[in-house]
2 protein chains.
Amino acid sequence: MVQSTSNWSCGVASVMDIFGGKWKLNILWRISQHEGLGFNQLKREVEGITNIMLTRAIKTLVAENLIIRKELKVTPPRTEYYLTASAKSLLPIMAALNEWGKDNL
Amino acid sequence: MVQSTSNWSCGVASVMDIFGGKWKLNILWRISQHEGLGFNQLKREVEGITNIMLTRAIKTLVAENLIIRKELKVTPPRTEYYLTASAKSLLPIMAALNEWGKDNL
DNA sequence: CTGTATCCCCCCGGATACTG
DNA sequence: CAGTATCCGGGGGGATACAG
């Protein structure tokens, strides 16, 4: 339990690389609140985001194994987004961060 | 304890605004490991950082009430840096983030 | 030792228009 | 509905030189 690692910041730095962007964290949060959201639903939830930014964020989140993209073969086309287990395990930590932010900012 | 807030991400977004930069988190960590570091000591600890980037990061961290800058009136001049209580309360969360990063990236 | 002053580049974030 | 293509501006990040 003693944090012996001298390079403590490396893991956090990786996390920051992933969530340093403007939208990805918010997107994860929205999906966690309502799994199976579609593209435009997600766009409405994440206020202010544009098509291109949402597309980019989704792509990287999928590549990082944080969300799952499920394409339904229907007309009109529909795609649903879900969190991976990795992303879900991150949520409690984010809740803690949220508390800290509210108390200290 | 139930996370009732619908705008959960707002607090986290503020945190990310603060730590989205490349250096600030690493600087906090170094100071936490060795309170009272001087400018050049800190520069050596935070590998790769330049004078100007360190200066900028320190300024914003002070402004955000995350570190304390203590200027000693001696020759040659010396300045020491310490964490505020706010910053210290953040460390356990960062440790959790670190664990997550190592397990999931 | 502890910083500041310039100058510069790259890339994130975005507006707009278009496509299957 | 679910994206892609193109173009662009601003700012974060940095190299270098200078200062108290």
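Since the model is a prediction, treat every value here as computed from it, not as a measurement.
Atom P of nucleotide D:dG3 and atom CD of A:Glu80 are separated by 12 Å, given to the nearest angstrom. The CE-C1' distance, from B:Met53 to D:dG12, rounds to 7 Å in whole Å. With rounding to whole Å, A:Leu42 atom CG is found 13 Å from D:dG3 atom C1'. A straight line from CG of A:Asn40 to P of D:dG3 spans 9 Å, rounded to a whole angstrom. If you measure from atom NZ of A:Lys22 to atom P of D:dG9, you get 18 Å, rounded to the nearest angstrom. Put simply, CE on A:Met16 is 17 Å from C1' on D:dG12, counting in whole angstrom units.
The nucleotide whose nearest atom lies closest to any side-chain atom of A:Tyr81 is, among D:dG13, D:dG3, D:dA2, D:dG3.
Screening A:Thr60, A:Leu61, A:Leu54 against A:Ile58 for a side-chain contact (heavy atoms from CB on, under 4.5 Å) leaves a single residue, A:Leu54.
Among residues two or more places apart in sequence or in another chain, the side-chain hydrogen bond (donor to acceptor under 3.5 Å, both in side chains) test is passed with B:Ser89 by A:Trp100. For A:Trp23, there are no side-chain hydrogen bond (donor to acceptor under 3.5 Å, both in side chains) partners at least two apart in sequence or on another chain.
With rounding to the nearest 0.5 angstrom, the CG atom of B:Leu97 is 5.5 Å from the CE atom of B:Met94. Distance CD1/A:Ile49 to CG/A:Leu42: 7.5 Å, rounded to 0.5 Å. Here A:Phe19 contributes atom CZ and B:Met16 contributes atom CE; the two are 7.0 Å apart, rounded to the nearest 0.5 Å. Note: A:Asn40 CG to A:Asn51 CG = 7.0 Å, rounded to the nearest 0.5 Å.
The shortest non-hydrogen separation linking A:Ser32 to A:Leu83 is CB-CD1, 3.5 Å.
Where DNA chain C meets chain A (any atom under 4.0 Å from a heavy atom), the bounding nucleotides read 5' to 3' are C:dG13 to C:dG20.
The backbone N or O of A:Val46 sits nowhere less than 3.5 Å from a side-chain atom of A:Asn26 that would complete a donor-acceptor pair.
With axes fitted over five pairs at each extremity, the angle between the ends of the helix from C:dC1-D:dG20 to C:dG20-D:dC1 is 50° (10° resolution).
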Quiz: residues 63-71 of chain B side-chain donor-acceptor pairs under 3.5 angstrom, not counting sequence neighbours:
from, atom 1, to, atom 2, distance (Å)
B:Glu64, OE1, B:Lys24, NZ, 3.3
B:Glu64, OE2, B:Lys24, NZ, 3.2
B:Arg69, NH1, B:Glu71, OE1, 3.0

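Applying the side-chain hydrogen bond (donor to acceptor under 3.5 Å, both in side chains) definition to pairs two or more places apart or across chains, those involving residues 77-86 of chain A are A:Gln41-A:Arg78, A:Arg78-A:Glu80, A:Glu80-A:Tyr82, A:Ser86-B:Asn104. Residue pairs meeting the salt bridge (Lys or Arg N to Asp or Glu O under 4.0 Å) criterion with at least one partner in residues 42-52 of chain B, sequence neighbours excluded, do not occur; the list is empty.
Note on A:Thr79: a side-chain N or O is less than 4.0 Å away from OP1 or OP2 of D:dG3.
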Completion exercise
Contact string for nucleotides 15-20 of chain D, one letter per nucleotide 5' to 3', B = base within protein heavy-atom range under 4.0 Å, S = sugar-phosphate only, - = neither, reads B----B
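Between A:Met53 and A:Arg56, some side-chain heavy-atom pair lies under the 4.5 Å cut-off.
Taking every heavy atom of residues 57-71 of chain A and every atom of DNA chain D, pairs under 4.0 Å involve A:Lys59, A:Arg69, by number.
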